[in-house]
There are 2 protein chains.
Amino acid sequence: MKIDYTYKYPRPAISVDNVMLGYADGALKILLVHRTNEPYSGKWALPGGFLHEGESLSECSVRILKEKTGLENPFMEQLYTFGAPDRDPREHIISVTYFVLINHFPVVENNAEKVDQVAWFPWSELPDVAFDHAAIIRVAIDRIRAKIRYSPLAFELLPEKFTLSQLQTLFEVILHQTLDRRNFRKKLLSMNILQELNETTTKKVGKPAVLYAFDKKKYDTMLQQQIYFEL
Amino acid sequence: MKIDYTYKYPRPAISVDNVMLGYADGALKILLVHRTNEPYSGKWALPGGFLHEGESLSECSVRILKEKTGLENPFMEQLYTFGAPDRDPREHIISVTYFVLINHFPVVENNAEKVDQVAWFPWSELPDVAFDHAAIIRVAIDRIRAKIRYSPLAFELLPEKFTLSQLQTLFEVILHQTLDRRNFRKKLLSMNILQELNETTTKKVGKPAVLYAFDKKKYDTMLQQQIYFEL
DNA sequence: TCAATTTGTGTAATTATTACGCAAATATAA
DNA sequence: TTATATTTGCGTAATAATTACACAAATTGA
């Protein structure tokens with residue numbers, strides 16, 4: 001049995017699309033889903049879907065992430081809402097978008113429910129994407145590039161334990177500029193938001209590096225004192 | 001003749017709500033509309049309305065502003081999208097919100113089409129407002145307070161010609177802190193984004209002040225050189 | 001044990017920010 | 001017309017933040 005829903009005025013559909021960003025192999029990557037349905041069948045697109053009844057926007061985003069990638073408890077923020085009437089060839093669909101930062105990668109592979117093929121693409125080598133998703137991705141990158149300077153987003157992209165060099169490289173990749181190592185370390189350590197662990201990395205080559213963790217408690221204390229993160 | 005619109009799945013309605021901010025008499029003010037229909041009849045609310053067919057979100061915002069206040073060519077930016085299923089007692093209505101900054105005030109009075117009563121309220125003395133509009137207003141104020149520090153929003157709130165004291169007072173009101181006059185002037189003038197006019201104010205009392213105008217051309221040049229406004 | 005690689009550290013020079021007080025121009029009241 | 005109240009416009013010294021820059025120590029692999 002099929003029920004239809006009837007309204008006095010036309011209503012656009014509402015979808016939620018997610019820009020999932022991960023950092024691996026020294027590059028920022030974006031997760032895309034391979035479309036097998038029209039429109040844009042065969043193209044890659046952001047993981048998204050339609051809003052369900054009784055669902056809030058953020059609930060919808062979380063559900064979609066779970067369905068498409070198995071990811072739970074992601075760090076996410078609402079990005080922007082796109083509503084040009086012609087952005088979807090089928091009909092007017094308004095897309096509320098979120099960006100999602102993740103720090104561990106295999107999420108994608110081990111999800112039983114997933115049907116569509118998904119893959120990570122380096123942000124500098126994105127394929128041709130469906131709909132206005134290229135514009136959405138650009139807005140996401142701009143937002144993250146700006147925001148990583150004044151809010152602790154970077155730690156969401158790294159594993160829990162990281163070296164200062166890894167942190168610096170991440171900033172360099174996102175900001176697209178090189179930073180002085182000594183000044184970077186001085187600044188980050190003086191902020192007093194990192195917890196020094198007494199562990200070091202074991203690597204193939206070079207002096208082992210001390211591992212650090214982001215200390216959210218210290219960070220919140222800092223915020224209360226109206227001192228803000230700023231690179 | 002009445003046509004109905006039918007869909008396979010339920011669709012929330014989509015509205016656009018605007019937080020209009022103006023600066024007058026040394027205070028930031030917000031424009032509210034007095035509701036005469038249910039729900040929340042008798043309460044004040046943000047000027048908003050439903051999205052029309054074929055309309056983009058920003059077009060909708062512009063249309064509503066025109067209808068409710070007569071204002072044209074406003075400075076506006078998308079703020080956030082609110083979508084909790086219970087935010088409207090009637091049904092699920094998603095609200096895409098914009099903030100609008102205006103620098104000349106009588107807009108409100110001389111609009112023939114307007115039906116509802118509208119009024120400006122100082123942001124510190126807002127009445128009890130309908131729906132989740134108090135939350136929306138809070139988000140708008142937080143956003144403006146943050147953004148005025150690193151983008152030239154302030155000039156949208158002042159008349160075209162203004163004195164440095166007026167500009168300073170505006171910052172003081174929004175940031176809720178006092179600023180040193182000499183340092184403020186030094187900083188703003190050193191940015192080289194103001195055009196000094198050879199006019200002065202004529203006031204009741206005190207030394208006349210030189211008028212300045214925001215120089216958008218200089219500002220854009222600055223942006224291109226990757227130098228950013230920052231208070 | 002030598003070479004290659006990566007980490008970890010200090011200081012001096014430069015630039016930006018802060019703190020602070022007084023004279024000049026005007027309107028108003030005496 | 002003179003005195004008073006008010007507001008503008010301006011400079012400097014002290015402090016804090018940012019920048020530029022090089023070498024020794026710890027490790028791996030040859």
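Just so it is clear, the values below take in all heavy atoms, side chains as well, and ignore hydrogens, waters and symmetry mates. Lettering follows sequence order; numbering is per chain, from 1.
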Rounded to whole Å, the CG-C1' distance (B/L179 to C/dA19) equals 14 Å
In whole angstroms, the gap separating C1' of D/dT7 from CD of B/Q166 amounts to 12 Å
- Does the pair B/R138/B/D142 count as a salt bridge with the N-to-O cut at 4.0 Å? no
Report which part of the nucleic acid A/S165 touches: base, sugar-phosphate, or nothing (heavy-atom distance under 4.0 Å, all strands).
sugar-phosphate
Partner of A/Y212 under side chain to side chain contact (heavy atoms under 4.5 Å, CB included), picked from A/L167, A/L189, A/I193, is A/L189
Side-chain donor-acceptor distances from residues 223-231 of chain B under 3.5 Å, at least two apart:
unit_1	atom_1	unit_2	atom_2	d
B/Q226	OE1	B/Y228	OH	3.3

Taken to the nearest whole Å, CG/B/L167 to P/D/dT7 is 18 Å
From CG of A/L189 across to P of C/dG10 the rounded distance in Å is 12 Å
From CG of A/L164 across to C1' of C/dT9 the rounded distance in Å is 12 Å
Separation of C/dT9 atom P from A/L188 atom CG, nearest Å, is 14 Å
Judged by nearest nucleotide, the residue sitting upstream toward the 5' end of DNA chain C, A/Y212 or A/G206, is A/G206
Per-nt protein contacts along nucleotides 17-24 of chain D (heavy atom under 4.0 Å; B base, S backbone sugar-phosphate only, - none) come out as -SBBBB--
The ring pair (Phe, Tyr, Trp, His ring centres under 6.0 Å) partners of A/Y219 (sequence neighbours excluded) come to A/F214
From CG of B/L231 across to P of C/dA16 the rounded distance in Å is 15 Å
Here the distance between atom P of C/dA25 and atom CD of B/E199, to the nearest Å, is 20 Å
Taken in chain and number order and not counting sequence neighbours, the residues that satisfy salt bridge (charged side-chain N to carboxylate O under 4.0 Å, His left out) with A/R63 are A/E55, A/E67
Of A/T202 and B/V205, the one whose closest nucleotide on DNA chain D sits nearer the 5' end is B/V205
For residues 124-136 of chain B, the salt bridge (charged side-chain N to carboxylate O under 4.0 Å, His left out) pairs (sequence neighbours left out) are B/K43-B/D128, B/R87-B/D132
For residues 150-158 of chain A, run the donor-acceptor check on the side chains, cut-off 3.5 Å, and write out each pair with its distance to 0.1 Å, sequence neighbours left out.
none

